[in-house]
Number of protein chains: 2
Amino acid sequence: MQQKPTTIKEIAKKLNISISTVSRALHDHPSIGLITRQKVKRMAEEMNYEPNQTAILFQKGKTYTIGVILPELSEDFFSSAISAIEDVANKRNYNVLLAQSHDDQDKEKQLVEKMKNHRVDGLLVSVAKTTSTFEHFDMLKRYNIPVVFFDRVPPLKDIHYVACNMETGSIEAVNYLLKKGHRSIGMINGPATLAASGQRKEGYVKAMLKNRLKFDPSLIVGCDLTESGTIRALDELLDNRRRPTAIVTFNDYVSLYAIRHARKLGIDLASDLDFVSYANLPIINFMDHTPIASVEQFPYVQGQRAADILFDLLNSKSEEGQAAFYKIVIESQLVESPAKKRQDG
Amino acid sequence: MQQKPTTIKEIAKKLNISISTVSRALHDHPSIGLITRQKVKRMAEEMNYEPNQTAILFQKGKTYTIGVILPELSEDFFSSAISAIEDVANKRNYNVLLAQSHDDQDKEKQLVEKMKNHRVDGLLVSVAKTTSTFEHFDMLKRYNIPVVFFDRVPPLKDIHYVACNMETGSIEAVNYLLKKGHRSIGMINGPATLAASGQRKEGYVKAMLKNRLKFDPSLIVGCDLTESGTIRALDELLDNRRRPTAIVTFNDYVSLYAIRHARKLGIDLASDLDFVSYANLPIINFMDHTPIASVEQFPYVQGQRAADILFDLLNSKSEEGQAAFYKIVIESQLVESPAKKRQDG
DNA sequence: ATTCCTCGCACAAACGTTTGCTTGATTTTA
DNA sequence: TAAAATCAAGCAAACGTTTGTGCGAGGAAT
């Protein structure tokens, strides 16, 4: 037989005082005398009282829960982000209601609806790849549920977001390679449709021009991020009449594929070709030949900042000054591979 | 100005009928006439009514939420498991309250407490490495909150769990190597304190004996799962007078470290030394030299099964037959590395 | 000694829903 | 045609907590 949780009602009855007194005593309300307060607390302890959260939440009209919608939990980037979010929420004594969209717009819509019905206090979202319309987020505004987007941010004006600026990282990457003596630097970029591809290219071009080097468009080739696509891209670069001695790739996976292919072609990675990539995922630690550096996008920090902002919004929600929007841009940062030292040594 | 969510009360007032009628109409209760029912539904639609979940949950004393406590969300294994759990819960229209213990017993205790206060309907747990006492879980029984453990399961009798049997996988692994012609097979195992180490060893021994080969204890060395520990272990095995031509390692990481070290020693992995490991993590796809096979532990399946069981318990909770405990053992399974084909070709 | 505060506590409403019971009206049965 | 059965809808309690308001008693101020 399970024991029903104790309620303040029962405490009140046992002590022959009113319910409100018990509630106030437990909250150290000034209008309750010391003696009663202690009596109540002792009794609560004794009866193993635990406040019924659902009742409190209901009463207050708040859930102390934030919703998080991510594309894919099993991806390194997002699992790292959710880890951060969970940590922040926990510190604030908030709960995390988790859901994954599996990169599907319809699923995402459903989830937003569900979150709304669950009356989450706020929402953290990294939008699905397929998401092209954004009305489902507008709805939340009407219910005064703040949303903070991160990493994958919709192209809207009036939103809060945290994102990572790839351009600076891209500049750093090119500068790094130039400093190492490279003069012909190739780039295996992502599909032109992605904003992230544009930022990478911009950084590349800016860095080249700033160093008074001419920008050769044929040294930038796009790819679909698959292994075969990467191989084609690498072949194309290697056939270039100004054959690059270093290549910047869209992400670590592309680097991996390219490195694999290069080795198969018998290219000496120690002397003939350097790679730099983006993401700096844990997989770097497991590759025998790694890019010599990778542009870190700080998933943990992004998650953390996004959560912080959300709590800011929640705490200041009563005030009217809702005109301003948080638009946080985290600068990406080039990180040298620790593995590189091993290669040198 | 935010618009307050519509309540059934408002619908009732607008239609000049009672609250209960509205509630019943929306639930298709038989005692409500067709005309009123339609009127109500139309009005609800029109006023954009959405049931207030927190109110319902409070009223029903259920939260339609399951808690999940995992050691570390950013680890591949667990992010895969949580992904499965989330999927199952979603299908059942349940919510997932997520928390990570960071492998700390105290944190875990706090979280259990928190989950209990939040009145989750059930709990899914993979216990922290440091957890040595388990009273915090007992408490849940008193509140009739069912718990299902998975993967990292406490050594208790009266619990529900899903775990992976490493022994069969271990046997498979050794058989696989024997079939490949290996006669001296080494093992780099984990710390003896872990149950998982014991299972691996058991499987190894059983497979050897079944094949009428003598078991040489000196071919099994323990390690602390770090890179340096792995290197020491490998060195020890290589110095063995019956130098192994194949090695089974505790997990993919250990294999990775060992392979790295072996290559540094100039060992030809194509001909002189084969590795087989456990876990079959995605990192295998990113290693240039991989173990030729890995014992899969099916994190997604484990998460899925555990969640299924929990829902079973939730649905049958009213009945008294709580004497039986689910003890599901998933057989691990040897999986040949796809990368292997690349090596051959 | 009368008025006025302050202190300590109780009363009761409210949050949004569900649901057992009651009531009134209509239809069926005898 | 009266009694019984059926249908449709309303009333009110309940879930556990918070909180605005009321109220009596004791002490201080006048």
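Numbers restart at 1 for each chain; the letters A, B, ... are given by sequence-line order, proteins then strands.
I56(A) comes within contact range of the sugar-phosphate backbone alone, with a heavy-atom separation under 4.0 Å but no base atom that close.
Of the listed nucleotides (dG10(D), dT18(C), dT17(D)), dG10(D) has the atom at the smallest distance from the side chain of T21(B). With dT19(D), dA9(D), dG16(C) as the choices, the nucleotide that has an atom nearest any side-chain atom of S20(A) turns out to be dT19(D).
When only modelled atom types and interatomic distance are considered, T6(B) and E50(B) share no side-chain donor-acceptor pair under 3.5 Å. Side-chain atoms of S18(B) and T21(B) include a donor-acceptor pair closer than 3.5 Å.
When ring centroids are compared, F325(A) and Y161(A) stay outside the 6.0 Å threshold. With ring centers used as reference points, F58(B) lies under 6.0 Å from F58(A).
Against DNA chain C, the stretch residues 9-16 of chain A makes heavy-atom approaches under 4.0 Å through N16(A). Heavy-atom distances under 4.0 Å link DNA chain C to S31(A), I32(A), G33(A), T36(A) of residues 30-39 of chain A, given in residue order.
Atom NZ in K62(A) sits roughly 15 Å away from atom C1' in dT18(D) (whole-Å rounding). Between the C1' atom of dC7(D) and the CZ atom of R24(B) lies a distance of 13 Å, rounded to the nearest Å. Separating the NE2 atom of H29(A) from the C1' atom of dT19(D) is a distance of 8 Å, rounded to the nearest angstrom. Put simply, CG on N52(B) is 13 Å from C1' on dT18(C), counting in whole angstrom units. Distance, H27(A) NE2 to dG8(C) C1': 18 Å, rounded to whole Å. When rounded to the nearest whole Å, the span between CZ of F58(A) and P of dA14(D) equals 16 Å. If you take CD1 of I17(B) and P of dC7(D), they are 20 Å apart, rounded to a whole angstrom. Note: CG (L57(B)) to P (dG16(C)) measures 14 Å, nearest angstrom.
Across all non-hydrogen atoms, the minimal contact from Q297(B) to F77(B) is CB-CE1, 4.1 Å. Of all heavy-atom pairs spanning H136(B) and V112(B), the tightest one is O-CG1, 3.3 Å. For the pair I56(A) and P51(A), the tightest heavy-atom approach, listed with the atom from each and the gap, is CD1-CB, 3.7 Å.
Sorted by first and then second residue, the side chain to side chain donor-acceptor pair (under 3.5 Å) pairs involving residues 32-47 of chain A (not counting sequence neighbours) are D28(A)-K41(A). Contacts classified as salt bridge (charged side-chain N to carboxylate O under 4.0 Å, His left out) and involving residues 144-154 of chain B (residues at least two apart or in different chains) are given here: D103(B)-R152(B).
Annotation: side-chain hydrogen bond (donor to acceptor under 3.5 Å, both in side chains) contacts of E86(A) (sequence neighbours excluded): none.
In this pair, Y326(A) and H160(A) present their aromatic rings tilted. The plane angle is within the 30 to 60° band.
Axis angle between the ends of the helix from dA1(C)-dT30(D) to dA30(C)-dT1(D), five pairs each and rounded to 10 degrees, works out to 60°.
Salt-bridge formation is detected for the pair K116(B)/E113(B): a Lys NZ or Arg NE/NH1/NH2 atom is positioned less than 4.0 Å from an Asp or Glu carboxylate oxygen.
When the side-chain nitrogen and oxygen atoms of S18(A) are compared with OP1 and OP2 of dA10(C), one or more of them lie within a distance under 4.0 Å.
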